[in-house]
Amino acid sequence: MATTIDDKRGDVSRRDFIYIATGAFAALGAAAAIWPLIDQLNPDASALSQASIEVDLAPVQTGQAITVLWRGKPIFIRNRTAEEIEKAKSTPLSELKDPDAQVLGAPSGLPATDENRTKPGKENWLIMVGICTHLGCIPKGQSPGDEKGPYGGWFCPCHGSMYDTSGRIRQGPAPRNMEIPPYAFTGDTKIKIG
Amino acid sequence: MSHASNYEPKTAFTRWLDTRLPIIRFTAGFMAFPTPRNINYLWAFGAILFYFLVVQLYSGIILAMHYAPNSAIAFESIEKLMRDSSYGWLMRYTHMVGASLFFFAVYIHLFRGLYYGSYKAPREVLWMIGVAILVAMIATAFMGYSLVWGQMSFWAVTVITNLFSSLDSIYPGLGTAIVQWVWGGFSVDNPTLNRLFSMHYMVPFVLVGIVALHIWALHVPGSNNPTGIEVRDTEKETLPFHPYFTTKDMFAVAVMALLFAYLVFWVPNYLGDPVNYVPANPLQTPPHIVPEWYFLPFYAILRAIPSKLGGVIAMFAAIFVLFFIPWLDTSRVRSTRYRPIYRWFFWALLFDCLALGYLGSQPPEGNALISARLFTLYYFAHFFLVMPIVGLIETPSPMPETIADDFKHKTHDKSGQVHPMPAE
């Protein structure tokens, strides 16, 4: 049905060029058309505005703890006593179940020393994602009357995971230390998380 | 007309598949389907409609990921989508403009059927399935518009559902009971919105099924063509659907998509009513309650009849009369091309529908009301008087013997006479 005109200049004919050019243009057009369909599923502007929060730490006395909500997750903030800091620092790394510091945004393989899990000069402040790394329950230990477990940190009532005063897993089924979210001090007692 | 392909599975896998689910054979049949060579671009609207159905389904499902069908936050959820979500405005405008163009295309498709007699035997069932599609589209569009929960959405639902209370004049209390049942309460409120959302999501999938039947029913006799004369010689008078009409349809879809893009990106709210950007207020009725443009002719008919029940019956009758056209039209000749008398009435009907459309947007009083009544009268007269009578008394103009005679090159001797020439 179609007449063929052989118009080969070298190895690529005019017809080949048209086919390839049309195909490339169509592919670009299809990608441009599909992209909004995919992008609309991404968090929208109002969700993204929740990406960072600011917390004022001044009301939190030594020995006290608060929980704030960041990106839908509970964040444990504890103003640790000198004893709690000392216990955390003096634990040898070999005793830890998870040797990784679990700092979000930092390269993996960072050793789980207390220094790595706090900010320099602000070691009394422990700020971490309060979700048990086993199956996702929220461990006890924030309120004064809570069970803190044998390591003085947190205790997960679901399956018995026990965390120390630096939020590191010591005993129980949880595989990893509780994560440290990305945060920075914007003032002496103010932080911005995320 | 089916099984037109010479499909032979070439590999072991395709042979295995063919004996279990002959889907490749089925698709090959579609691609090879013999289509009359002389169909014009009005025949591309089937494909255009399919394109719009797919667009509406995609954009609708995506909108449902962001929309909240609760009367307290529905309006806000749409505004949030428009402002906060990535390309949310694009999804919303696509769906909104897509609905309008869907109806634009369906009306052209319908009038093509009227002009060329595509509803006549043996395509009566095909035509009726098409009218069923139109009814489903009307229901879907009405429900979709209500989901915005703007002033017009709310009051359109109130007005149209209140129509059922006209049944009170047949049996006291019946209409009121039905209306409360439809509302799920004593007025249009959250329960109504929830069920409208569920139905609006569901009906399009029923529509897909009816469209499948529509295409199946088409593939039994094959497509009609502008001469109205059936194909006699498949070799000379038809071409395989692919590549000739796949490409022609793609081009037509591309032109439509251009119009679509212009509306969506430059004037997305042109076809809409600004009153619907006001959140629904049950305590305040907008000064003019008007439906979207594609419902205006039916709205004009509804308001033209002085009695409430009469208006409701007339409005539904205006749609359902379409089902009976294959039997109302008595002409032995299919295509209006060869019907010199009926042709005038066809254009009169088109003008009538456009006039009713305009009058539907005007307050029903004074000259506008009188005109609406006259045009409503002609609308029904066309189907119940013109179609039966003209077909019987009309003498058709000379018709070609076959399709081949029609599209052959006219000779070069300028005699105006058509001489058959050998096929290429």
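Quick note on labels: first sequence line is chain A, next is B, and so on, each numbered from 1.
B/Y41 OH: more than 12 foreign heavy atoms inside a 6.0 Å radius. At most 12 heavy atoms of other shown residues, nucleotides or ligands fall within 6.0 angstrom of atom CD in A/E83. For A/F185, the CZ atom is densely surrounded, since the number of other residues' heavy atoms within 6.0 Å is greater than 12. For B/E76, the CD atom is loosely surrounded, since the number of other residues' heavy atoms within 6.0 Å does not exceed 12. By the 6.0 Å contact criterion, OH on B/Y93 is enclosed, its count of non-hydrogen atoms from other residues, nucleotides or ligands being greater than 12. Heavy atoms of other residues, nucleotides or ligands lying less than 6.0 angstrom from NZ of A/K140 number 12 at most. For B/Y7, the OH atom is densely surrounded, since the number of other residues' heavy atoms within 6.0 Å is greater than 12.
Contacts with chain A (heavy atom to heavy atom, under 4.5 Å) involve these residues of residues 56-69 of chain B, listed by number: B/Y58, B/I62, B/M65, B/H66.
Of all heavy-atom pairs between B/S85 and A/D44, the closest is CA-CB, 3.3 Å.
Both the backbone and the side chain of A/L37 have a heavy atom closer than 4.5 Å to some heavy atom of chain B.
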